[in-house]
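Chain naming here is simple, since letters A, B, ... match the order of the sequence lines and numbering starts at 1 in each. Given the structure is predicted, the values throughout are model-derived calculations rather than measurements.
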There are 2 protein chains.
Amino acid sequence: MKEITSQQQRVLDCIQIYINKTGFPPTRADICKELGFKSPNSAETHLRALEKKGFISIESGASRGISIINNDRNSSINSDEYPIIGLVAAGSPTLAEENIMNTINCPESFFNSSFDYFLKVKGLSMKNAGIMEDDLIAVKKTSDIKNGDIVIARIDDEVTVKFFNKKSPKIVELEPANEDFENIVVNLEEEELHIEGKSVGLLRKN
Amino acid sequence: MKEITSQQQRVLDCIQIYINKTGFPPTRADICKELGFKSPNSAETHLRALEKKGFISIESGASRGISIINNDRNSSINSDEYPIIGLVAAGSPTLAEENIMNTINCPESFFNSSFDYFLKVKGLSMKNAGIMEDDLIAVKKTSDIKNGDIVIARIDDEVTVKFFNKKSPKIVELEPANEDFENIVVNLEEEELHIEGKSVGLLRKN
DNA sequence: TATTATACTGTACATATATTCAGTACTATT
DNA sequence: AATAGTACTGAATATATGTACAGTATAATA
C-alpha cells in the first residue's frame, strides 16, 4: 500500500463521513460540494488515485459505486479489531506486538469518538470515577485534552490513568478519583509529561 | 409502524444484502434483477410502500438514495443490533418499542456471555461497583443467578440493579454498592421478586 | 531534460437512474 | 358496489452521474 497524500486523505474522510451521514456513498459532484472543488474531474482524479493505492474500490459505470476497503494492516482508523494493551507500571503503552494481550472486534463508531486501542486498567486510583481493576478503557491517541478529561499520562516510564487539570502554563495536576491516592503535580519545566491519549469510553466484562 | 408484507420483506432483505455485499444501496433495476421483476416500477412501488411504513428512507432524486431505517424489530439479518432500554423506576424493562431508546451494533460474543439488551443506569446505588449514572449494563435474561451476581431485580413495578444475596430459602437481600443506600430485604413468602436478568458486562461512553 | 504524480478548472456526452403514466389483476375493507 | 392496498408489466423521459477530453500549474524523480 502506497502512501496517501493529505488531499487524498481529505477525500477519503469525506467519503466515510458522507456514508455515515446518508447511508450511501457520494457522487463526484457531492465530493466537490463538500470539499469546494469546482470540477467533478477533481474528485474523479482523486478517486482514481485512491483506487490505485487500494484505499477504495470503484464499481465501473455504477452511480455512487464507491466503497471503502477495510485494510486493518494500515491505520487503526478503518479496523474493527482493536488491541488490548496491558497498563504496565513501567513503559509506554505502545502497540508493539509484545504488549498486545488480545484484540476485540468492535464497530468503529462504538463510542462517541473514534479510538485506537483498549487499555487494561491496573489498580483502583480512578475507583470513584467508576474505573475498576481490569476494566478496559477505550483510548484515543490525541493531544486535544481539556481539563477534566481522563487521560493516559506518562512521566518517564510511569504510565497512569488520571483526571487532567492544567493549573497554569507550567503546572499540570494529574488527579486520581480515590481518596487513598494523592494528586500528581507536574512542573512542565522540570519534568516531561507525555499524554498518550484520552479515555473515550469504557468496557467491562464480568 | 404498519405491518410489512412478505414481498416487501423480500425487497427489504434484498436491499440489506446488496448493501452488505457492495457497500452501497441498489437501484430499482438492481432490485428487479435480484428478485426477478421485469419492470423497475415493481421495485419502485415496493420502495414507496416501505418508505410509507417507515422501514426505509428514500433521498428524492438521488441515485441509490435508499437507506434502511434502523428498527431492531426487523432484524433477521442484523443480529448484532442490541436495544438500549432506559431503567425507569416503575415498570419492568421490557423490549416494547416505547422503552427502546436506541440500539447499538455490537458483536454477539462481545462479552464473556451472550446477552439480550443494554440497560441504561439511573442513580448511583452501585457506585462502588464501578457502575455510574448513564452507564450501559449488558443484561442477560436468565434465572441462573448466584450470590454476588449483579442482577436486574423487580419488586412490583420497581426495578433496580443490585448485588444478589440469598440468605435463606425465604430471604433474599438486594445489596447496593453505596454506603448511602440500604439493603433491600425481600421475604419471598410475602413479596414477589422478579429477576429480569443479570449483568454480564458494562459499557460507558464519554 | 523528460517523465510522472499531484492538483486542479471547464466542457461535453453517453448512459445510469429515478420517476411518472398507463394498464391489468387480485384481495380486503367500507 | 366502491375504495384502497398490493403486486405486477411495459414504456417514456427528465435528470443524475460517470467519465472522457482539453487544458494549466507545481513538485518530485530519473
Given DNA chain C, 5'-ward residue of the pair P40(A) and H46(A), judged by closest heavy atom: H46(A)
Pick base, sugar-phosphate or nothing for [X], based on heavy-atom distances below 4.0 Å to the nucleic acid.
| X | result |
| --- | --- |
| Q7(A) | sugar-phosphate |
| R10(B) | nothing |
| T27(A) | sugar-phosphate |
| S42(A) | base |
| A29(A) | nothing |

Ring geometry between F118(B) and Y82(B) (parallel below 30°, tilted from 30 to 60°, perpendicular above 60°):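 Ring orientation of Y82(B) relative to F118(B): perpendicular.
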Distance below 4.0 Å between R28(B) side-chain N/O and dA18(C) OP1 or OP2: yes
Phosphate contact (dT19(D) OP1 or OP2) by S60(A) side-chain N/O below 4.0 Å: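 Yes, such a contact exists.
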Residues which pass salt bridge (Lys or Arg N to Asp or Glu O under 4.0 Å) with R10(A), listed by chain and number, not counting sequence neighbours: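 For R10(A) there are no salt bridge (Lys or Arg N to Asp or Glu O under 4.0 Å) partners, ignoring immediate neighbours.
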Side chains of D13(A) and Q9(A), donor plus acceptor under 3.5 Å: yes
Exercise: do Q16(B) and N20(B) side chains pair donor with acceptor under 3.5 Å: yes
First of E44(A) and F37(B) reached from the 5' end of DNA chain D, by closest nucleotide: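 Mapping each residue to its closest nucleotide by heavy atoms, the 5'-most match is F37(B).
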Pairwise 5' ranking along DNA chain D for A49(B) and R64(B), keeping only the more 5' one: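 Looking at the nearest nucleotide for each, A49(B) comes out on the 5' side.
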N/O donor-acceptor pair, side chain S63(A) with base dG18(D), under 3.5 angstrom: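 Answer no: no donor N or O sits under 3.5 Å from an acceptor.
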